Amino acid sequence: MEESNDLMQQRKEKVNEIRDAGINPYPHQYTPTHSTTLIHKEFEDADETPNEDSKVTIAGRIMTKRDHGKSSFAHLQDSGGQIQIYIRRGNVEQDSYQIYRKVDVGDIIGVSGTVFRTRTGELTILADSIELLSKSIRPLPEKWHGLQDKQTRYRQRYADLIMNPEVKDVFIKRTKIVQAIRDMLNDDNFIEVETPVLQPIYGGASARPFTTYHNTLDQPLYLRIANELYLKRLIVGGFDRVYEFSRDFRNEGMDRDHNPEFTMLELYQAYADYQEIMELTENLIAQTVEKLHGTTKIQYQEQELDFTPPWNRITMVESIKQNSDFDPESLSDDELYTKVVNAGIELAGDESKGEIIAELFDTFVEDKLIQPTFIYDYPIEVSPFAKKKPENPEYVERFEFFISGMEVGNAFSELNDPIDQRQRFLEQASNLEKGDEEAFMVDEDYLRALEYGMPPTGGLGIGIDRLTMLLTDQYSIRDVILFPQMRPES
RNA sequence: GAGCCGUUAGCUCAGCAGGUAGAGCAUCUGACUUUUAAUCAGGUGGUCACAGGUUCGAUUCCUGUACGGCUCACCA
């Protein structure tokens with residue numbers, strides 16, 4: 001139902017009055033010569049005397065209004081900032097003066113005039129003509145406290161962006177982060193590709209998918225949980241370096257660092273192993289931080305993070321030994337299981353040794369990894385697409401990196417042995433049958449691709465939302481996603 | 001999924017040990033031709049989230065529901 005109140009009613013009546021006066025409250029076009037940013041730059045040295053050389057035309061939203069009888073001041077906001085305008089009866093065209101008397105805070109107007117500096121030193125446009133460009137009928141939040149309510153800010157991001165310039169700044173930085181990464185990869189001969197979002201078989205990660213249905217094909221489809229297997233098909237096809245900024249979907253809980261849809265950069269480089277990918281990762285991210293901040297040391301919440309390469313590197317097992325009194329490798333499977341249960345960690349009972357090791361890592365290590373750290377060499381059971389370590393087949397060549405206690409990326413030397421990969425798929429399929437909702441199905445077409453032969457390849461995934469949180473000092477993933485997932489308003 | 005907290009005017013917030021509400025800003029009327037949280041005078045504006053219960057009487061106490069926040073769990 002349409003929401004209304006007295007304030008909106010008043011404004012709707014004003015729209016009618018404006019129309020009755022022969023003015024279109026929603027005209028089609030306007031041509032500004034300047035933005036607020038350009039004016040501040042170009043007229044930095046302006047003095048208190050307006051002159052004809054400083055004529056500008058600008059468009060924006062009225063954010064404040066201070067009327068003084070026959071003169072008035074207002075602030076106009078455009079995408080780059082604000083500038084004050086000064087309307088003075090006797091100085092502005094008669095029609096424009098009448099229009100100005102009808103406009104409200106929130107309206108979008110065009111102003112032509114000359115730039116000068118008021119005696120309090122503020123750069124200001126002395127208006128000589130004004131046009132109404134769009135009449136606002138819904139009042140903006142208050143000028144002083146602005147819009148605070150988080151629910152409203154997330155649901156009505158447009159209002160949040162109008163009222164809170166620092167929010168806009170976060171999203172501009174997000175774009176710059178993506179652009180910096182894209183530029184570096186392009187310069188490094190990576191090719192950006194697009195792969196299916198709707199997939200007949202989901203895979204490439206452990207997660208519950210969203211399911212949908214294609215009517216004409218008469219078949220279920222899944223929204224991708226990862227694009228990994230498609231990018232590796234392209235490596236088979238002869239693209240030696242590919243990447244994609246992939247919107248992925250996982251049907252799981254939401255919290256400070258999980259949103260049901262999120263953005264992951266995945267890249268694959270033929271002939272590289274995970275050691276080379278580690279170097280690529282720390283350089284890619286350190287350079288992104290440098291481009292954004294001019295330094296590789298930044299503040300995140302209460303912590304100073306140092307992205308300067310090389311980052312800490314430690315194996316998963318060693319990190320557990322350092323942070324707990326567990327030494328998984330010195331114990332038999334049964335001894336380890338008993339010790340873990342005695343330590344009060346809940347297990348279902350059917351975990352493999354590798355799964356227990358991953359559990360120990362989560363419990364004792366993950367949230368202690370504040371500075372950028374590579375954790376490498378993972379148990380094979382939790383890594384179905386990574387290549388075994390030559391000297392120890394219980395572990396694979398895989399790393400993840402953690403910053404501020406958060407997992408930000410995942411990488412491995414990609415498994416390219418089709419026989420081994422089939423075996424790993426079969427284990428997943430069997431876990432799926434046992435009720436593991438995050439296991440996945442055998443992807444025969446992917447196996448067929450591997451059977452043609454995939455070069456040795458290193459692959460990497462980076463959580464772009466989480467990286468953005470770190471580089472923009474935001475506590476919640478909802479503050480780096482323009483429209484975070486919310487329950488419907490009642 | 002669990003615990004705690006929140007929801008009062010367009011916005012930001014008070015308040016009520018139970019007697020159907022108040023401020024600032026915004027808005028409306030008037031005054032004011034360099035203000036910047038402009039100022040001054042006067043006015044309008046509320047299903048106190050929703051539904052039950054207790055009570056002579058509930059915005060206030062109790063229960064439930066919805067939505068949100070934080071923490072934990074789940075989740076790579």
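Lettering of chains follows the sequences in order, A, B, ..., and the numbering in each one begins at 1. Computed over heavy atoms, backbone and side chain alike; hydrogens, waters and symmetry mates excluded. Given the structure is predicted, the values throughout are model-derived calculations rather than measurements.
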Extract from the structure each pairing of a protein N or O with an N or O of nucleotides 11-15 of chain B at less than 3.5 Å, listing the distance.
residue	atom	partner	partner atom	Å
B/rC11	O2'	A/E142	N	3.4
B/rC11	O2'	A/G146	O	2.8
B/rU12	OP1	A/Q148	N	3.1
B/rU12	OP1	A/D149	N	3.1

inquiry  = Using a 4.0 Å heavy-atom cut-off, does A/R11 contact any base of the nucleic acid, only the sugar-phosphate backbone, or nothing at all?
reply    = nothing
inquiry  = Given B/rG68, B/rU35, B/rG45, identify the nucleotide with an atom nearest to the side chain of A/M486.
reply    = B/rG68
ask   = Between atom CZ in A/R256 and atom C1' in B/rC70, what is the gap in whole Å?
value = 12 Å
message = For a quick check of understanding: with a heavy-atom distance under 4.0 Å over all strands, which category does A/F116 fall into, base, sugar-phosphate or nothing?
response = base
inquiry  = Tell me the interatomic distance from A/R101, atom CZ, to B/rA31, atom C1', rounded to whole angstroms.
reply    = 13 Å
inquiry  = With a 4.0 Å cutoff (strictly under), does any side-chain N or O of A/R119 reach OP1 or OP2 of B/rU35?
reply    = yes
A/S112 and A/D128: side chain donor to acceptor below 3.5 Å = no
query = So which pairs with a foot in residues 425-439 of chain A pass side-chain hydrogen bond (donor to acceptor under 3.5 Å, both in side chains), sequence neighbours left out?
reply = A/R208-A/E437
message = Students often mix this up, so state it plainly: with edges at 30° and 60°, are the rings of A/Y243 and A/F245 parallel, tilted or perpendicular?
response = perpendicular
request  = Report the relative orientation of the aromatic rings in A/F210 and A/F249; use parallel for angles under 30°, tilted for 30 to 60°, perpendicular for over 60°.
outcome  = perpendicular
query = Taking atom types as modelled, is there a side-chain donor on A/E244 or A/T195 under 3.5 Å from an acceptor on the other?
reply = yes
ask   = What is the distance from CD of A/E13 to C1' of B/rC28, rounded to the nearest Å?
value = 11 Å
ask   = Between B/rG52 and B/rG57, how far is it from one P atom to the other, in whole Å?
value = 15 Å
ask   = Contact class for A/K14 (heavy atom, under 4.0 Å): base, sugar-phosphate, or nothing?
value = sugar-phosphate
request  = Please state whether the base of B/rC74 and the side chain of A/D255 form at least one donor-acceptor pair under 3.5 Å?
outcome  = yes
note = In whole angstroms, the gap separating P of B/rA76 from CZ of A/F262 amounts to 10 Å
key: Euclidean distance, atom CE of residue A/M163 to atom C1' of B/rC25 [Å, nearest integer]   = 11 Å
ask   = Side chains of A/S404 and A/Q303: donor-acceptor distance under 3.5 Å anywhere?
value = yes
ask   = Mapping A/R250 and A/R478 to their closest nucleotides on RNA chain B, which lands nearer the 5' end?
value = A/R478
query = Are A/F402 and A/F361 near enough that their ring centres are under 6.0 Å apart?
reply = yes
query = Is there a donor on the side chain of A/T118 or the base of B/rU35 sitting less than 3.5 Å from an acceptor on the other?
reply = yes
request  = Give a yes or no on whether the backbone of A/Q485 and the side-chain of A/N259 come within a donor-acceptor separation of less than 3.5 Å.
outcome  = yes
query = Of A/Y475 and A/R66, whose closest RNA chain B nucleotide lies nearer the 5' terminus?
reply = A/R66
key: Gap between atoms CD and P, on A/E346 and B/rC75 respectively (whole Å)   = 11 Å
Aromatic ring pairing A/F440/A/F385, orientation class (parallel under 30°, perpendicular over 60°, tilted between) = parallel
ask   = So, A/D479 versus A/Y154: side-chain donor-acceptor pair below 3.5 Å or not?
value = yes
remark   = Stems of at least 3 consecutive Watson-Crick or G-U wobble pairs (donor-acceptor distances under 3.5 Å) involving RNA chain B, listed by first number, are B:1-7 with B:66-72, B:10-13 with B:22-25, B:27-31 with B:39-43, B:49-53 with B:61-65
key: Inter-nucleotide P distance (B/rC11, B/rC5), Å rounded   = 25 Å
inquiry  = Check this one for me: any side-chain N or O of A/R89 less than 4.0 Å away from OP1 or OP2 of B/rC32?
reply    = no
inquiry  = Taking CD in A/E166 as the centre, count heavy atoms belonging to other residues, nucleotides or ligands within less than 6.0 Å. Is the count above 12?
reply    = yes
task = Report the residues that fulfil side-chain contact (heavy atoms from CB on, under 4.5 Å) with A/E394, sequence neighbours left out, ordered by chain and then residue number.
result = A/N392
ask   = From B/rU35, B/rA26, B/rA76, pick the nucleotide closest to the side chain of A/D362?
value = B/rA76
remark   = Picking from B/rU34, B/rC75, B/rG69, the nucleotide nearest the side-chain atoms of A/H258 would be B/rC75
key: C1'-based separation of B/rG22 from B/rG1 [nearest Å]   = 40 Å
query = Can a donor-acceptor pair under 3.5 Å be found between the side-chain atoms of A/R88 and the base atoms of B/rU33?
reply = yes
ask   = Mind checking the P distance from B/rA9 to B/rC50? Whole angstroms is fine.
value = 10 Å
task = Take atom C1' in B/rG30 and the same atom in B/rA49, then report the distance between them in whole Å.
result = 38 Å
Nearest-angstrom distance, C1' atom, B/rA14 to B/rC48 = 13 Å
Under 4.0 angstrom between A/R466 side-chain N/O and B/rA76 OP1 or OP2 = no
Gap in Å between the two P atoms, one belonging to B/rU44 and one to B/rA23, rounded = 11 Å
inquiry  = Under 6.0 Å from the ring centre and within 45 degrees of the ring axis: does the NZ or CZ of A/K339 meet both conditions for the six-membered ring of A/F326?
reply    = yes
ask   = Is there any ring-ring contact (aromatic ring centres under 6.0 Å, His included) pair reaching into residues 76-106 of chain A, and which pairs are they, with sequence neighbours excluded?
value = A/F73-A/Y86
request  = Using the C1' atom on both, measure B/rU34 against B/rC67 and round to a whole Å.
outcome  = 47 Å
request  = Go through the side-chain N and O atoms of A/Y376 and A/Q275 and say whether any donor and acceptor fall under 3.5 Å apart.
outcome  = no
note = Taking B/rA76, B/rU35, B/rG68 as options, the one with an atom nearest any side-chain atom of A/F73 is B/rU35
Nearest-angstrom distance from the residue atom CD of A/E489 to P of B/rC67 = 11 Å
Tabulate atom names and distances for all N/O pairs under 3.5 angstrom spanning the protein and nucleotides 39-43 of chain B.
none

message = Just to be sure I understand the rule, does A/A207 reach a base, reach only the sugar-phosphate, or reach nothing, if contact means heavy atoms closer than 4.0 Å?
response = sugar-phosphate
task = Nearest whole angstrom, please: distance from the P of B/rG10 to the CE of A/M63.
result = 19 Å
ask   = Has the side chain of A/E48 got a donor or acceptor that lies under 3.5 Å from a partner of the other kind on the base of B/rU34?
value = no
